[in-house]
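Read the structure below first, then the notes.
In each ligand, atom 1 is the first atom listed, and ligand 1 is the first ligand listed.
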Amino acid sequence: MTSTDTRDIKSTIKQIKELEDCDCELVRVAVPDMEAARALEAIKKGVSVPLIADIHFDYRLALAAIEAGCDGLRLNPGNIRQPDKVKAIARAASERNIPIRIGVNAGSLPKTAGPKLPVARQMVNAALEQIQLLESLDFNLIKVSLKAFDVPTTIEAYRDIAEKIPYPLHIGVTEAGLPKTGVIRSSVGIGTLLYMGIGDTIRVSLTAHPREEVIAGYEILKSLDLRQHGPVLVSCPSCGRAEVDIIKLAEAVEAELAKIKKPIKVAVMGCVVNGPGEARDADIGIACGKGRAVLFKKGKKIGTVEEKDFVRVLMREVNKL
Ligand code: SF4
(Lines give C-alpha, C1' and ligand atoms only; values in the text may rest on other atoms or scores of the structure.)
Protein backbone atom coordinates (compact mmCIF):
# COMPACT_ATOMS: atom_id res chain seq x y z
CA MET A 1 0.00 0.00 0.00
CA THR A 2 1.36 3.42 -0.94
CA SER A 3 2.28 5.81 1.86
CA THR A 4 2.07 8.98 -0.24
CA ASP A 5 -0.86 11.41 -0.26
CA THR A 6 -2.89 10.05 -3.18
CA ARG A 7 -3.80 13.62 -4.16
CA ASP A 8 -0.10 14.20 -4.81
CA ILE A 9 -0.16 12.46 -8.18
CA LYS A 10 3.53 12.88 -8.96
CA SER A 11 4.77 11.42 -5.65
CA THR A 12 2.24 8.59 -5.76
CA ILE A 13 3.26 7.58 -9.29
CA LYS A 14 6.92 7.76 -8.24
CA GLN A 15 6.34 5.46 -5.28
CA ILE A 16 4.26 2.99 -7.30
CA LYS A 17 7.05 2.85 -9.88
CA GLU A 18 9.49 2.02 -7.07
CA LEU A 19 7.17 -0.81 -6.09
CA GLU A 20 6.91 -1.99 -9.70
CA ASP A 21 10.72 -2.06 -9.78
CA CYS A 22 10.70 -4.63 -6.97
CA ASP A 23 7.99 -6.61 -8.79
CA CYS A 24 5.00 -5.69 -6.67
CA GLU A 25 1.93 -7.17 -8.36
CA LEU A 26 -0.92 -5.18 -6.80
CA VAL A 27 -0.89 -1.72 -5.25
CA ARG A 28 -3.53 -0.26 -2.95
CA VAL A 29 -3.91 3.46 -2.52
CA ALA A 30 -5.85 5.35 0.15
CA VAL A 31 -8.86 7.29 -1.11
CA PRO A 32 -9.75 9.60 1.77
CA ASP A 33 -11.64 12.20 -0.29
CA MET A 34 -13.00 13.09 -3.70
CA GLU A 35 -9.77 14.73 -4.85
CA ALA A 36 -7.89 11.49 -4.12
CA ALA A 37 -10.55 9.45 -5.98
CA ARG A 38 -10.28 11.65 -9.05
CA ALA A 39 -6.46 11.56 -8.91
CA LEU A 40 -6.63 7.83 -9.65
CA GLU A 41 -7.28 8.54 -13.32
CA ALA A 42 -3.94 10.33 -13.77
CA ILE A 43 -2.13 7.85 -11.50
CA LYS A 44 -3.43 4.93 -13.58
CA LYS A 45 -1.96 6.48 -16.70
CA GLY A 46 1.48 6.72 -15.12
CA VAL A 47 1.78 3.13 -13.83
CA SER A 48 1.24 -0.40 -15.06
CA VAL A 49 0.47 -2.41 -11.88
CA PRO A 50 -3.26 -2.88 -11.04
CA LEU A 51 -4.55 -0.28 -8.58
CA ILE A 52 -6.89 -1.03 -5.70
CA ALA A 53 -8.80 1.89 -4.19
CA ASP A 54 -9.12 1.75 -0.41
CA ILE A 55 -12.50 3.16 0.56
CA HIS A 56 -13.94 3.89 3.99
CA PHE A 57 -17.18 5.57 5.10
CA ASP A 58 -18.30 7.30 1.90
CA TYR A 59 -19.75 5.16 -0.88
CA ARG A 60 -19.45 8.09 -3.31
CA LEU A 61 -15.67 7.74 -3.13
CA ALA A 62 -16.03 4.16 -4.36
CA LEU A 63 -18.19 5.32 -7.28
CA ALA A 64 -15.65 8.04 -8.15
CA ALA A 65 -12.74 5.58 -7.92
CA ILE A 66 -14.53 3.22 -10.31
CA GLU A 67 -15.20 6.13 -12.63
CA ALA A 68 -11.50 7.05 -12.47
CA GLY A 69 -10.56 3.56 -13.67
CA CYS A 70 -9.35 1.70 -10.57
CA ASP A 71 -8.89 -2.07 -10.98
CA GLY A 72 -10.39 -3.11 -7.69
CA LEU A 73 -12.02 -1.75 -4.56
CA ARG A 74 -11.45 -2.47 -0.92
CA LEU A 75 -14.50 -1.75 1.21
CA ASN A 76 -14.62 -1.99 4.98
CA PRO A 77 -17.92 -3.61 6.00
CA GLY A 78 -17.48 -1.94 9.39
CA ASN A 79 -18.08 1.49 7.94
CA ILE A 80 -20.07 1.25 4.69
CA ARG A 81 -23.24 -0.41 5.87
CA GLN A 82 -26.42 0.83 4.25
CA PRO A 83 -27.59 -1.76 1.65
CA ASP A 84 -28.66 0.88 -0.89
CA LYS A 85 -25.13 2.36 -0.86
CA VAL A 86 -23.47 -1.03 -1.19
CA LYS A 87 -25.95 -1.74 -3.98
CA ALA A 88 -24.90 1.40 -5.88
CA ILE A 89 -21.22 0.39 -5.58
CA ALA A 90 -21.92 -3.21 -6.65
CA ARG A 91 -23.86 -2.05 -9.70
CA ALA A 92 -21.05 0.27 -10.84
CA ALA A 93 -18.35 -2.34 -10.12
CA SER A 94 -20.32 -4.99 -11.98
CA GLU A 95 -20.65 -2.81 -15.08
CA ARG A 96 -16.84 -2.53 -15.25
CA ASN A 97 -16.02 -6.03 -14.03
CA ILE A 98 -14.20 -4.66 -11.01
CA PRO A 99 -13.74 -6.94 -7.99
CA ILE A 100 -14.59 -5.80 -4.49
CA ARG A 101 -12.54 -6.88 -1.52
CA ILE A 102 -14.51 -7.09 1.67
CA GLY A 103 -11.74 -5.94 3.96
CA VAL A 104 -12.67 -6.75 7.54
CA ASN A 105 -10.41 -5.25 10.18
CA ALA A 106 -10.51 -6.36 13.83
CA GLY A 107 -10.30 -2.72 14.87
CA SER A 108 -13.51 -1.63 13.11
CA LEU A 109 -16.08 -4.39 13.43
CA PRO A 110 -19.79 -3.70 12.90
CA LYS A 111 -22.06 -4.06 15.94
CA THR A 112 -24.06 -6.72 14.08
CA ALA A 113 -21.06 -9.09 14.11
CA GLY A 114 -21.92 -10.33 17.64
CA PRO A 115 -19.92 -8.13 20.02
CA LYS A 116 -19.80 -10.82 22.72
CA LEU A 117 -18.31 -13.45 20.41
CA PRO A 118 -14.54 -14.05 20.07
CA VAL A 119 -12.98 -11.47 17.71
CA ALA A 120 -12.20 -14.10 15.05
CA ARG A 121 -15.89 -15.11 14.93
CA GLN A 122 -16.98 -11.49 14.74
CA MET A 123 -14.63 -10.91 11.81
CA VAL A 124 -16.05 -13.93 9.98
CA ASN A 125 -19.61 -12.80 10.71
CA ALA A 126 -18.89 -9.29 9.41
CA ALA A 127 -17.55 -10.73 6.17
CA LEU A 128 -20.41 -13.22 5.75
CA GLU A 129 -22.98 -10.48 6.26
CA GLN A 130 -21.43 -8.36 3.50
CA ILE A 131 -20.97 -11.37 1.21
CA GLN A 132 -24.67 -12.19 1.54
CA LEU A 133 -25.56 -8.63 0.69
CA LEU A 134 -23.36 -8.62 -2.43
CA GLU A 135 -24.62 -12.05 -3.50
CA SER A 136 -28.20 -10.89 -3.11
CA LEU A 137 -27.31 -8.17 -5.61
CA ASP A 138 -25.97 -10.83 -7.99
CA PHE A 139 -22.43 -9.64 -7.44
CA ASN A 140 -19.79 -12.30 -6.97
CA LEU A 141 -16.48 -10.73 -7.99
CA ILE A 142 -15.61 -10.91 -4.33
CA LYS A 143 -12.35 -11.17 -2.40
CA VAL A 144 -12.21 -11.26 1.38
CA SER A 145 -9.67 -10.29 4.00
CA LEU A 146 -9.92 -10.65 7.78
CA LYS A 147 -6.99 -8.86 9.33
CA ALA A 148 -6.06 -8.46 12.97
CA PHE A 149 -2.87 -7.50 14.77
CA ASP A 150 -3.12 -10.65 16.88
CA VAL A 151 -1.65 -13.52 14.88
CA PRO A 152 -3.68 -16.44 16.38
CA THR A 153 -6.89 -14.42 15.87
CA THR A 154 -5.94 -13.76 12.25
CA ILE A 155 -5.16 -17.42 11.58
CA GLU A 156 -8.34 -18.59 13.30
CA ALA A 157 -10.54 -16.16 11.34
CA TYR A 158 -9.07 -17.16 7.97
CA ARG A 159 -9.23 -20.87 8.76
CA ASP A 160 -12.89 -20.53 9.64
CA ILE A 161 -13.92 -18.50 6.61
CA ALA A 162 -11.88 -20.64 4.19
CA GLU A 163 -14.26 -23.51 5.00
CA LYS A 164 -17.35 -21.39 4.48
CA ILE A 165 -16.86 -19.43 1.24
CA PRO A 166 -15.57 -20.10 -2.28
CA TYR A 167 -14.01 -16.66 -2.79
CA PRO A 168 -10.31 -15.78 -2.95
CA LEU A 169 -8.72 -14.63 0.28
CA HIS A 170 -6.32 -11.74 0.60
CA ILE A 171 -4.24 -12.43 3.70
CA GLY A 172 -2.12 -10.38 6.05
CA VAL A 173 -1.49 -9.39 9.63
CA THR A 174 -2.50 -5.79 10.08
CA GLU A 175 -0.48 -3.02 11.73
CA ALA A 176 2.32 -5.52 12.27
CA GLY A 177 4.77 -2.81 13.36
CA LEU A 178 8.33 -1.80 12.51
CA PRO A 179 10.24 -4.14 10.19
CA LYS A 180 12.23 -5.98 12.87
CA THR A 181 9.15 -7.34 14.65
CA GLY A 182 6.56 -6.76 11.92
CA VAL A 183 8.29 -9.06 9.45
CA ILE A 184 8.26 -11.82 12.05
CA ARG A 185 4.59 -11.33 12.94
CA SER A 186 3.67 -11.26 9.26
CA SER A 187 5.81 -14.25 8.42
CA VAL A 188 4.27 -16.33 11.19
CA GLY A 189 0.70 -15.31 10.29
CA ILE A 190 0.93 -15.31 6.50
CA GLY A 191 3.34 -18.25 6.43
CA THR A 192 1.13 -20.45 8.60
CA LEU A 193 -1.92 -19.69 6.46
CA LEU A 194 -0.12 -20.26 3.18
CA TYR A 195 1.28 -23.53 4.47
CA MET A 196 -2.29 -24.60 5.25
CA GLY A 197 -3.20 -23.77 1.64
CA ILE A 198 -5.11 -20.62 2.59
CA GLY A 199 -4.55 -17.32 0.81
CA ASP A 200 -4.51 -16.04 -2.77
CA THR A 201 -2.89 -12.61 -2.43
CA ILE A 202 -0.78 -11.28 0.41
CA ARG A 203 0.16 -7.97 1.95
CA VAL A 204 2.87 -7.53 4.54
CA SER A 205 1.90 -4.49 6.57
CA LEU A 206 4.92 -2.64 7.98
CA THR A 207 5.72 0.75 9.45
CA ALA A 208 8.27 1.33 6.71
CA HIS A 209 8.60 2.25 3.04
CA PRO A 210 6.20 -0.08 1.17
CA ARG A 211 9.17 -1.46 -0.76
CA GLU A 212 10.07 -3.28 2.48
CA GLU A 213 6.60 -4.85 2.48
CA VAL A 214 7.05 -6.23 -1.04
CA ILE A 215 10.53 -7.58 -0.28
CA ALA A 216 9.27 -9.27 2.92
CA GLY A 217 6.29 -10.70 1.01
CA TYR A 218 8.53 -12.31 -1.55
CA GLU A 219 10.77 -13.72 1.15
CA ILE A 220 7.74 -15.40 2.75
CA LEU A 221 6.70 -16.87 -0.61
CA LYS A 222 10.25 -17.98 -1.37
CA SER A 223 10.65 -19.67 2.03
CA LEU A 224 7.60 -21.78 1.29
CA ASP A 225 8.75 -22.51 -2.28
CA LEU A 226 5.61 -20.82 -3.60
CA ARG A 227 7.56 -18.36 -5.75
CA GLN A 228 11.00 -18.08 -7.21
CA HIS A 229 12.02 -14.47 -7.09
CA GLY A 230 15.58 -13.26 -7.33
CA PRO A 231 18.51 -14.78 -5.47
CA VAL A 232 18.35 -16.63 -2.16
CA LEU A 233 21.27 -16.11 0.20
CA VAL A 234 22.27 -19.03 2.41
CA SER A 235 24.69 -17.84 5.10
CA CYS A 236 25.86 -19.68 8.16
CA PRO A 237 25.33 -18.19 11.61
CA SER A 238 29.09 -18.39 12.19
CA CYS A 239 30.65 -20.07 15.21
CA GLY A 240 33.99 -20.51 16.91
CA ARG A 241 35.28 -22.34 13.85
CA ALA A 242 34.98 -19.30 11.54
CA GLU A 243 38.12 -17.35 10.65
CA VAL A 244 36.39 -14.56 8.75
CA ASP A 245 33.85 -11.84 9.63
CA ILE A 246 30.94 -13.74 8.16
CA ILE A 247 28.35 -11.06 8.98
CA LYS A 248 30.28 -8.40 7.07
CA LEU A 249 30.87 -10.76 4.18
CA ALA A 250 27.25 -11.93 3.98
CA GLU A 251 26.04 -8.31 4.05
CA ALA A 252 28.39 -7.38 1.20
CA VAL A 253 27.20 -10.34 -0.87
CA GLU A 254 23.56 -9.56 -0.08
CA ALA A 255 24.05 -5.99 -1.33
CA GLU A 256 25.49 -7.32 -4.60
CA LEU A 257 22.74 -9.92 -5.00
CA ALA A 258 20.10 -7.20 -4.57
CA LYS A 259 21.19 -5.91 -7.98
CA ILE A 260 20.32 -9.10 -9.85
CA LYS A 261 16.98 -10.76 -10.52
CA LYS A 262 17.76 -14.35 -11.46
CA PRO A 263 16.56 -17.07 -9.08
CA ILE A 264 19.83 -18.49 -7.82
CA LYS A 265 20.88 -19.87 -4.45
CA VAL A 266 24.18 -18.45 -3.16
CA ALA A 267 25.96 -19.61 -0.01
CA VAL A 268 28.40 -17.76 2.21
CA MET A 269 29.81 -20.14 4.82
CA GLY A 270 32.25 -19.56 7.63
CA CYS A 271 34.48 -22.62 7.36
CA VAL A 272 35.72 -25.22 4.95
CA VAL A 273 34.97 -28.09 7.34
CA ASN A 274 31.19 -27.87 7.22
CA GLY A 275 30.49 -25.05 4.77
CA PRO A 276 30.04 -26.81 1.44
CA GLY A 277 28.15 -29.68 3.06
CA GLU A 278 25.79 -27.38 4.94
CA ALA A 279 25.04 -25.47 1.73
CA ARG A 280 24.84 -28.57 -0.45
CA ASP A 281 21.95 -27.35 -2.55
CA ALA A 282 23.37 -23.86 -3.20
CA ASP A 283 24.15 -23.14 -6.85
CA ILE A 284 27.35 -21.36 -5.97
CA GLY A 285 29.12 -20.43 -2.76
CA ILE A 286 32.25 -19.87 -0.76
CA ALA A 287 33.43 -21.60 2.38
CA CYS A 288 36.00 -19.44 4.10
CA GLY A 289 39.23 -20.41 5.80
CA LYS A 290 42.06 -18.17 7.07
CA GLY A 291 42.69 -15.61 4.30
CA ARG A 292 41.35 -17.94 1.60
CA ALA A 293 38.10 -19.59 0.68
CA VAL A 294 36.99 -22.62 -1.24
CA LEU A 295 34.67 -21.79 -4.10
CA PHE A 296 32.03 -24.43 -4.55
CA LYS A 297 29.21 -25.27 -6.88
CA LYS A 298 26.36 -27.54 -5.71
CA GLY A 299 28.54 -28.56 -2.73
CA LYS A 300 31.57 -29.52 -4.88
CA LYS A 301 34.89 -27.64 -4.77
CA ILE A 302 35.73 -25.82 -8.02
CA GLY A 303 38.61 -23.56 -6.91
CA THR A 304 40.08 -21.31 -4.22
CA VAL A 305 39.90 -17.52 -3.73
CA GLU A 306 41.99 -14.93 -1.86
CA GLU A 307 40.16 -12.99 0.89
CA LYS A 308 40.42 -9.65 -0.94
CA ASP A 309 38.59 -11.24 -3.92
CA PHE A 310 35.80 -13.08 -2.05
CA VAL A 311 32.90 -10.89 -3.17
CA ARG A 312 34.20 -10.13 -6.65
CA VAL A 313 34.91 -13.76 -7.57
CA LEU A 314 31.70 -15.03 -6.03
CA MET A 315 29.69 -12.51 -8.03
CA ARG A 316 31.64 -13.32 -11.19
CA GLU A 317 30.59 -16.96 -10.80
CA VAL A 318 27.00 -15.95 -9.98
CA ASN A 319 26.84 -13.84 -13.13
CA LYS A 320 28.26 -16.70 -15.22
CA LEU A 321 25.44 -19.06 -14.25
S1 SF4 B 1 29.74 -23.32 8.36
FE2 SF4 B 1 31.49 -23.56 9.77
S3 SF4 B 1 31.71 -21.53 10.69
FE4 SF4 B 1 29.65 -21.58 9.81
S5 SF4 B 1 28.36 -22.26 11.50
FE6 SF4 B 1 28.89 -24.08 10.32
S7 SF4 B 1 30.68 -24.89 11.40
FE8 SF4 B 1 30.45 -22.76 12.10
Side-chain angles (χ1 to χ4, degrees), residues 22-23 151 173 176-196 202 204 206 208 211-321:
C22 51
D23 297 329
V151 174
V173 175
L178 289 161
K180 206 166 166 185
T181 48
V183 167
I184 295 171
R185 295 187 75 79
S186 295
S187 305
V188 173
I190 294 173
T192 303
L193 286 165
L194 289 174
Y195 192 70
M196 294 191 308
I202 66 170
V204 176
L206 297 176
R211 186 194 307 111
E212 302 299 315
E213 302 184 336
V214 179
I215 293 168
Y218 271 115
E219 288 303 324
I220 295 171
L221 295 172
K222 279 156 69 178
S223 337
L224 288 165
D225 286 336
L226 292 171
R227 280 285 174 95
Q228 283 202 322
H229 183 267
V232 172
L233 176 63
V234 180
S235 59
C236 84
S238 191
C239 72
R241 216 187 282 275
E243 291 180 289
V244 67
D245 184 346
I246 199 79
I247 299 174
K248 202 168 139 203
L249 178 61
E251 283 173 352
V253 172
E254 186 183 58
E256 287 300 312
L257 291 177
K259 298 175 193 162
I260 62 172
K261 293 220 165 191
K262 66 177 146 187
I264 182 172
K265 198 177 258 185
V266 178
V268 173
M269 310 303 281
C271 77
V272 283
V273 182
N274 293 330
E278 284 180 11
R280 215 170 283 118
D281 60 342
D283 295 301
I284 198 90
I286 51 171
C288 306
K290 198 173 176 57
R292 291 171 76 79
V294 171
L295 190 63
F296 61 90
K297 201 171 177 179
K298 307 273 184 197
K300 296 226 164 59
K301 181 180 165 176
I302 56 163
T304 55
V305 196
E306 294 293 320
E307 185 160 354
K308 62 177 176 38
D309 298 325
F310 281 175
V311 179
R312 187 180 60 78
V313 172
L314 185 69
M315 290 312 297
R316 186 190 67 200
E317 293 302 318
V318 164
N319 288 322
K320 265 196 218 163
L321 279 176

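The protein atom (non-hydrogen) at minimum distance from atom 8 (Fe) of ligand 1 is C239 SG, 2.3 Å. Of the protein's non-hydrogen atoms, E278 OE1, 3.4 Å is the one closest to atom 1 (S) of ligand 1. The single protein non-hydrogen atom nearest to atom 2 (Fe) of ligand 1 is C271 SG, 2.4 Å, given as residue, atom name and distance. Closest to atom 7 (S) of ligand 1 among all protein heavy atoms lies N274 ND2, 3.3 Å.
Across all non-hydrogen atoms, the minimal contact from R185 to V151 is O-CG2, 3.8 Å.
Rounding to the nearest 0.5 Å places CD1 of I286 at 11.0 Å from CD of E317.
Ion pairing between a basic and an acidic side chain is recognised when a charged N comes within 4.0 Å of a carboxylate O; K222 and E219 show such pairing. A salt bridge links E306 to R292: at least one charged side-chain nitrogen sits closer than 4.0 Å to a carboxylate oxygen. The pair K298-D283 counts as a salt bridge, with a side-chain nitrogen and a carboxylate oxygen less than 4.0 angstrom apart.
For C236, the nearest N, O or S atom to atom 4 (Fe) of ligand 1 falls under 2.8 Å.
Those atoms of ligand 1 with a heavy atom of G270 less than 4.0 angstrom away are 1 (S), 3 (S), 4 (Fe).
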